[in-house]
Amino acid sequence: MLHLHVPKPYSFAASVCDHGWPNLAPNQWLADWQILQRVEQLTTGRVVLLRLSSADAGDTVCIQIAVQADGTLTPMETDEVLAKVRWMLKLDEAFAAFYTLAIAHDPIGRVVQQGRGRLLRSPTLWEDVVKTIATTNVTWGNTKGMIQRLVDQLGAPFPLAPTLRAFPTAAQVAAADPALFANVIRMGYRNAYVQGLAQEIVDGTRDLEALQTAQLSAAELKKAVKSIKGIGDYAAHTLLMLLGHYSELPIDSELRSHVTRRYFGGETRSDKEMAAIYAAWGDWKYLAYWFDAYD
DNA sequence: GTCCAGGTCGCGC
DNA sequence: GCGCGACATGGA
């Protein structure tokens with residue numbers, strides 16, 4: 001069992017479950033045990049099963065990482081697991097400024113000060129981009145189906161339980177037969193976006209993962225992700241959130257319906273007027289909206 | 001059959 | 001810059 005520590009306040013279960021990602025393959029939220037389970041393919045090629053849970057540790061919250069594998073992990077593999085979990089759970093981001101700002105805004109403040117805001121993300125930006133493309137212009141049920149089929153068809157199997165698979169790498173997606181996408185994975189017109197992006201990554205013409213560590217402004221990151229086919233403003237702002245920038249709102253049917261209902265008595269307004277509702281939150285607009293809509 | 005879902009692209013202006 | 005139709009898929 002590996003361990004990581006998070007400063008309080010931090011609610012593992014709430015943070016992981018505050019958006020849809022724990023329910024997209026290969027993630028699985030095991031509600032009865034409050035465990036996030038996921039198969040992960042390490043850079044050595046070894047495929048492991050991760051089970052994340054939390055325990056109180058006095059001043060901090062302890063993240064427990066149970067690793068199942070075919071054999072013993074090398075020290076480098078262990079380091080990779082720890083780094084990936086740190087990234088997935090956003091353990092290196094600071095939320096104190098957000099909590100301070102939120103105190104004045106009941107009930108948003110009350111909710112987030114339970115230790116919320118570290119929304120779950122994927123170990124690679126590649127996976128988050130594919131998943132974000134899969135949320136556009138479809139229902140959530142269809143999103144889950146597309147991602148599940150993608151994982152089932154192309155992901156590397158976990159040797160100890162081969163029905164469980166990792167998220168496919170860009171190389172695996174690029175090498176797949178387009179007919180498999182068209183007939184089995186069925187992501188619709190997104191098939192070409194996903195395979196095209198995978199090919200760019202394999203070719204080396206696009207280095208997505210560099211964006212995870214690049215010291216870029218939100219505007220620069222937005223420009224970079226919008227150059228991916230299938231990523232418009234909504235998807236770019238979702239990806240900015242995943243990359244730790246909360247200054248832009250994901251304006252989509254969900255946000256419009258929430259703001260229209262809560263602030264405009266059901267009357268139609270422009271996107272600009274809707275966005276103005278959260279202007280006072282500055283660099284934290286995304287999270288303010290997110291927890292405003294939460295209930 | 002029609003419409004729409006946590007939109008985006010490519011086109012014409 | 002803005003408006004518009006097309007777009008794969010599955011469910012109501």
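Worth knowing before you read on, the calculation uses all heavy atoms, side chains too, and leaves out hydrogens, waters and symmetry mates. Just so we're on the same page: letters track the sequence lines, and every chain starts at 1.
The salt bridge (charged side-chain N to carboxylate O under 4.0 Å, His left out) test applied to A:Lys8 returns A:Asp56, not counting sequence neighbours. In this view, A:Tyr246 and A:Trp284 satisfy the ring-ring contact (aromatic ring centres under 6.0 Å, His included) rule, not counting sequence neighbours. With sequence neighbours excluded, no residue satisfies salt bridge (charged side-chain N to carboxylate O under 4.0 Å, His left out) with A:Arg261. In this view, A:Glu248 and A:His237, A:Leu240 satisfy the side-chain contact (heavy atoms from CB on, under 4.5 Å) rule, not counting sequence neighbours. Not counting sequence neighbours, A:Asp70 has no partner by the side-chain hydrogen bond (donor to acceptor under 3.5 Å, both in side chains) test.
For the contact set between residues 126-134 of chain A and DNA chain B, defined by any heavy atom under 4.0 Å, there are no members. Within residues 232-246 of chain A, the residues that have a heavy atom under 4.0 Å from DNA chain B are, in order of number, A:Gly232, A:Asp233, A:Tyr234, A:Ala235. Taken residue by residue, residues 186-198 of chain A places heavy atoms nearer than 4.0 Å to DNA chain B at A:Tyr189, A:Tyr193. Taking a 4.0 Å limit (strictly below) on heavy-atom distances, residues 136-146 of chain A reaches DNA chain B at A:Thr136, A:Asn137, A:Val138, A:Thr139, A:Trp140.
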Please list, one pair per line, the donor and acceptor atoms closer than 3.5 Å that link side chains of residues 26-33 of chain A to other protein atoms, with sequence neighbours excluded.
from    : atom 1 : to      : atom 2 : distance (Å)
A:Asn27 : OD1    : A:Arg38 : NH1    : 3.0
A:Asn27 : ND2    : A:Trp21 : O      : 3.1
A:Gln28 : OE1    : A:Gln37 : NE2    : 3.2

What side-chain donor-acceptor pairs closer than 3.5 Å can you find for residues 101-117 of chain A, not counting sequence neighbours?
from     : atom 1 : to       : atom 2 : distance (Å)
A:Asp106 : OD1    : A:Arg110 : NE     : 2.8
A:Asp106 : OD2    : A:Arg110 : NH2    : 3.2
A:Gln113 : NE2    : A:Gly109 : O      : 3.2
A:Gln114 : OE1    : A:Arg116 : NH1    : 2.7
A:Arg116 : NE     : A:Asp18  : OD2    : 2.6
A:Arg116 : NH2    : A:Asp18  : OD1    : 3.0
A:Arg116 : NH2    : A:Tyr294 : OH     : 3.3

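You can see that DNA chain C meets the heavy atoms of chain A within a 4.0 Å-exclusive cut from C:dC7 to C:dG10, reading 5' to 3'.
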